[in-house]
2 protein chains.
Amino acid sequence: MFERAERDPSMDEREYERRELVLRTELLQQQYELLKQRDRAVLIVVAGIDGAGKGSAINLLNEWMDPRHIRTLAFGDPSVDEAQRPAMWRYWNALPALGQTGIVFGSWYAPLFKEAARKKPDMDRIGAMAAEILRFEAMLASERVRMLKLWYHLSRGAQIARIDAQLADPATAWRVSEADLKVRKKFDRLRTAGEIVLGATDAAYTPWRVVPSADARLRAVETAAAVLQAMREPLPRAPRRPPLQAARHGDRSRAMLEPAPGGSKLDEVDYERQLARWQARLSEQVRAKRFRKRSLVLVFEGVDAAGKGGAIRRVSHALDVRDFDIVPISAPSDDELAHPYLWRFWRHLPLHGRVCIFDRSWYGRVLVERVESLIPPATWRRAYDEINDFEDQLRRGGAVVLKFWLSVSRQEQLRRFKERRDSPFKNFKLTPDDWRNRRKWDDYMSAARDMIARTDTAHAPWIVIADDDKRTARVKVLEHIVKAMDEA
Amino acid sequence: MFERAERDPSMDEREYERRELVLRTELLQQQYELLKQRDRAVLIVVAGIDGAGKGSAINLLNEWMDPRHIRTLAFGDPSVDEAQRPAMWRYWNALPALGQTGIVFGSWYAPLFKEAARKKPDMDRIGAMAAEILRFEAMLASERVRMLKLWYHLSRGAQIARIDAQLADPATAWRVSEADLKVRKKFDRLRTAGEIVLGATDAAYTPWRVVPSADARLRAVETAAAVLQAMREPLPRAPRRPPLQAARHGDRSRAMLEPAPGGSKLDEVDYERQLARWQARLSEQVRAKRFRKRSLVLVFEGVDAAGKGGAIRRVSHALDVRDFDIVPISAPSDDELAHPYLWRFWRHLPLHGRVCIFDRSWYGRVLVERVESLIPPATWRRAYDEINDFEDQLRRGGAVVLKFWLSVSRQEQLRRFKERRDSPFKNFKLTPDDWRNRRKWDDYMSAARDMIARTDTAHAPWIVIADDDKRTARVKVLEHIVKAMDEA
């Protein structure tokens, strides 16, 4: 895979000048076309053998294209705040919008390269990491993010010659880092690591390109040509990839999602007593020292008027106002529509020691967006796996994830709608959409059933609270949270 | 100022029910009106004596209004990433957009209250802190952010009774924090602190309201009424306040902003040698251990084709790609227009150890926006002081701030325009705007002269680089940065 690069091919000056003129002109044209069409974002991963001129390649793209629409995203060690979120958090936050180009340096490949460069790489671990990356990139491809991964490579001899030449010239000696010097001894190992990683993570929808780097002219031309191609070619189709985290596929019958008629009601004294008891427990749990290394992510979904707001308030009243955020989710903004679907949820993930409560959530994709046909069926079908991956990352980042499905019977919903309609300060909660949704009750129930079957995982379970009695429902929600926190 | 609140007034249940019905209805109507009009943002600061029920008041607003358009922003100790930015950074990031309501708990008043609650408060320091806050809030008022500051207060006797009652009931005992218990002993001191702070920071455009808090019903009604008023009343006008940071008002004559004709040119060999020398020095400075507690903010402004991009590249080539960001500034997005002007710049401020390069900047307000009459004169006139305050905060947050004005002669600009026009890969840099701006050369020069006179401060100096020779200009920029870093 590196044969050609290690022959250190070069390009003569005249040929270079000819190609440069064409490539720069086309790159700029294509960049403006991209801005106009907004049919994709382009994301370029820059990696390679040390001393091969990765930095120069990045500088070149910024020079040859309009740098106002390129964002270079270079990541080193995570900052303290970054380290408290899932590892992918900072990359999600940096994803380019449709029409834009992002260059990533120090990407999600860093841990994989590190593992592959060990004396005895753990191939099982590498396989698992590669599978995760490919799933992430398949998701990006489905979301119109065109990936291009560049591996800069040269022969050992050329690498040594390049570093020596830089060291010899006082004008460039300062560019040679200690890492570059050490790396001369590790050429073989890094080369092998490159082979392992590229072999494990190359796919048609997310290709690796090896760029021969001994000659600056050839390096420049091949870099530009690869980027041009990524901007111009039709978007590849990402195949479905086997799920990393399967749902438990517990059989949740439709009946479970709706309350049994004639349930018992909690009287007010009992309710206040039980509520206070669970709130006190939750309050302790969140203030406990061991929670400082964890976070809590709560998702509330359910039919209209099922009591999401009321349940959320009973949870938040147990918490110090500095320790939680409530994130209400409604229709996406233009900026959100220009990014992969889950982008807007990633941004809200809590620091350690904090609670984040989503009032509606990423499940909108498989509920309202599915039922109202706002997206093609293929889009909501792939969302289940993407969501399971997302929640698995939350868990690995230290979060306890709980998802509540709140439901009431159709009769009770009607009663609450009427109550809202007749109250001067509750009628804002009732919109024409609510009546319309009610007519689609069966569709929503089917979607909810599929959702729970496909995304009820051990690491982020669904808890179905179907009870016509608000008080009972609220106490149950708190009880479930407290018990899950105890287990975690 | 607390007489009424310390008489612990109350409201009977019937009166409360009557008021509640009206207030909730009106609050909701007004909230939707606000969303529709988008003529202001509402920002509510919540403070007060401990144990007065501030948390309950916040919960109440979320319950009485549509919580989807309220954001409760509760701040405790700064996170590690927050601590590396100026103290106001996290508040700027959290400012509500036009049409929205923000509730701030643990606001920029926290340090002021802390100082005022000391045994022997330093009144000079308090005066300075209060003046800074009033300037900040005057800026917010000018930017259509309607402030409302609520101080929750009750008598010492009522405070003790309230805490004892909560402790006696197992259902509420857990809500009483250790801080609440300690506070009983400190009532007088906190009361005095409240008097000092409210006295020093009350103004018509940013009023304090004392809310009697012994009685939950009265507290609820007065909170809601105050918020309703803030949403409904005409926006107050903020007066100009004396500047905290005066510019040096150095007399920069118009001539200084344009190159003298017939300057000498640096030959290529000399250029490469000098460039490499300064780049090497800068590279060392940024990697040095002492830079880990500092950051570097560079601003590049200047006439079109003055060589901003080229100068920025020569700086960035000296840096590791992981250590800097280049932020190109162009026309604001809708989201940016819905926030106070400086909001979009605050978001980009670097962590310690990092460099942030602005390719055009917040000076757009007093350059292009002034010259093109995009804003009323009063708006750019107040911007000078706002910018000086902003940059002073950067400095206090650990940043070295340098601002470059790059200029060329009119003849040289014309030569470069023609060169760009004739190059297939440089003509993207030349837009009809550029030719139009060129016709307004004198207006831009006047605006630049005023800008430099009003914002050239010791903590964030302007460096005028007016040289028709690109090489000389680039070397000078680097030299200035290196020398300023040495001094810092």
Side-chain angles (χ1 to χ4, degrees), chain A residues 20-21 24-25 27-28 31-32 54-55 58-59 62-64 66-69 72 74-76 79-82 84 105-106 169-175 177 272-273 275-277 279-280 283-284 309 313 316-318 320-326 328 330 333-335 351 359 424-425 428-429, chain B residues 20-21 24-25 27-28 31-32 54-55 58-59 62-64 66-69 72 74-76 79-82 84 105-106 169-175 177 272-273 275-277 279-280 283-284 309 313 316-318 320-326 328 330 333-335 351 359 424-425 428-429:
Chain A
E20 181 192 9
L21 183 69
R24 287 181 77 160
T25 312
L27 264 177
L28 275 165
Q31 197 186 2
Y32 288 114
K54 296 188 284 287
I58 293 173
N59 289 336
N62 277 291
E63 211 164 320
W64 283 16
D66 185 343
R68 288 169 299 179
H69 308 292
T72 301
F75 298 96
S79 77
V80 177
D81 282 16
E82 285 171 354
Q84 293 191 13
F105 186 75
D169 183 349
T172 50
W174 61 273
R175 283 186 203 270
S177 67
E272 295 289 352
R273 205 175 41 79
L275 195 65
R277 179 177 152 224
Q279 284 180 329
S283 169
E284 270 166 39
R313 272 201 298 280
S316 68
H317 288 185
D320 185 300
V321 72
R322 275 169 299 232
D323 292 336
F324 70 91
D325 270 310
I326 297 175
S330 48
S333 69
D334 288 350
D335 204 27
L351 287 169
D359 183 354
F425 50 79
F428 82 94
K429 290 188 183 178
Chain B
E20 182 193 8
L21 183 69
R24 290 181 76 160
T25 311
L27 266 177
L28 276 165
Q31 197 185 3
Y32 287 114
K54 297 189 284 287
I58 293 172
N59 289 336
N62 278 290
E63 210 165 321
W64 282 16
D66 185 342
R68 287 169 300 179
H69 308 292
T72 301
F75 298 96
S79 77
V80 178
D81 282 15
E82 284 171 354
Q84 293 190 14
F105 187 75
D169 182 351
T172 52
W174 61 273
R175 284 186 203 269
S177 69
E272 295 288 353
R273 205 176 39 80
L275 195 65
R277 178 176 152 227
Q279 284 180 329
S283 169
E284 269 166 38
R313 271 200 298 281
S316 69
H317 287 185
D320 185 301
V321 72
R322 275 169 298 230
D323 292 336
F324 71 90
D325 268 311
I326 298 175
S330 50
S333 69
D334 289 350
D335 205 26
L351 285 170
D359 184 354
F425 50 79
F428 82 94
K429 289 187 183 178

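The sequence lines fix the lettering, A, B, ..., with proteins before strands; numbering per chain opens at 1.
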Which atoms of D169(A) are under 4.5 Å from chain B, going by heavy atoms: the side chain, the backbone, both sets, or neither? neither
Less than 4.5 Å apart, side chain to side chain, heavy atoms only: is that true for T72(B) and V321(A)? yes
Heavy-atom side-chain contact between L21(A) and P424(B) under 4.5 Å: yes
Pick one of side chain, backbone, both or neither for H317(B), based on which atoms fall under 4.5 Å of a heavy atom in chain A. both
Among S79(B), S333(B), A280(B), G309(B), which has the most heavy-atom pairs under 4.5 Å with chain A? A280(B)
Under 4.5 Å from any heavy atom of chain B - which part of R277(A): neither
On a heavy-atom basis, the closest approach of G76(B) and R322(A) is CA-CD, 3.5 Å
Is F428(A) in contact with chain B via its backbone, its side chain, both, or neither, using a 4.5 Å heavy-atom distance? both
Can you tell which part of E284(B) gets under 4.5 Å to a heavy atom of chain A, answering side chain, backbone, both or neither? neither
Taking the side chain as everything from C-beta on, heavy atoms only, tell me whether P67(B) gets closer than 4.5 Å to I326(A). no
What part of D359(B) gets closer than 4.5 Å to chain A, counting heavy atoms only: side chain, backbone, both or neither? neither
Is chain B contacted by the side chain of Q84(A), its backbone, both, or neither, given a heavy-atom distance below 4.5 Å? neither
Contact part of R313(B) toward chain A, heavy-atom cut-off under 4.5 Å: side chain, backbone, both or neither? side chain
What part of Y32(B) gets closer than 4.5 Å to chain A, counting heavy atoms only: side chain, backbone, both or neither? side chain
Using a cut-off of under 4.5 Å for heavy-atom pairs, which of H69(B), Q279(B), E272(B), K429(B) has the most such pairs with chain A? Q279(B)
Sort A318(B) into side chain, backbone, both or neither according to what part of it lies under 4.5 angstrom from a heavy atom of chain A. both
Do you know which two heavy atoms are closest between D81(A) and V80(B), and how far apart they sit? OD1-N, 3.8 Å
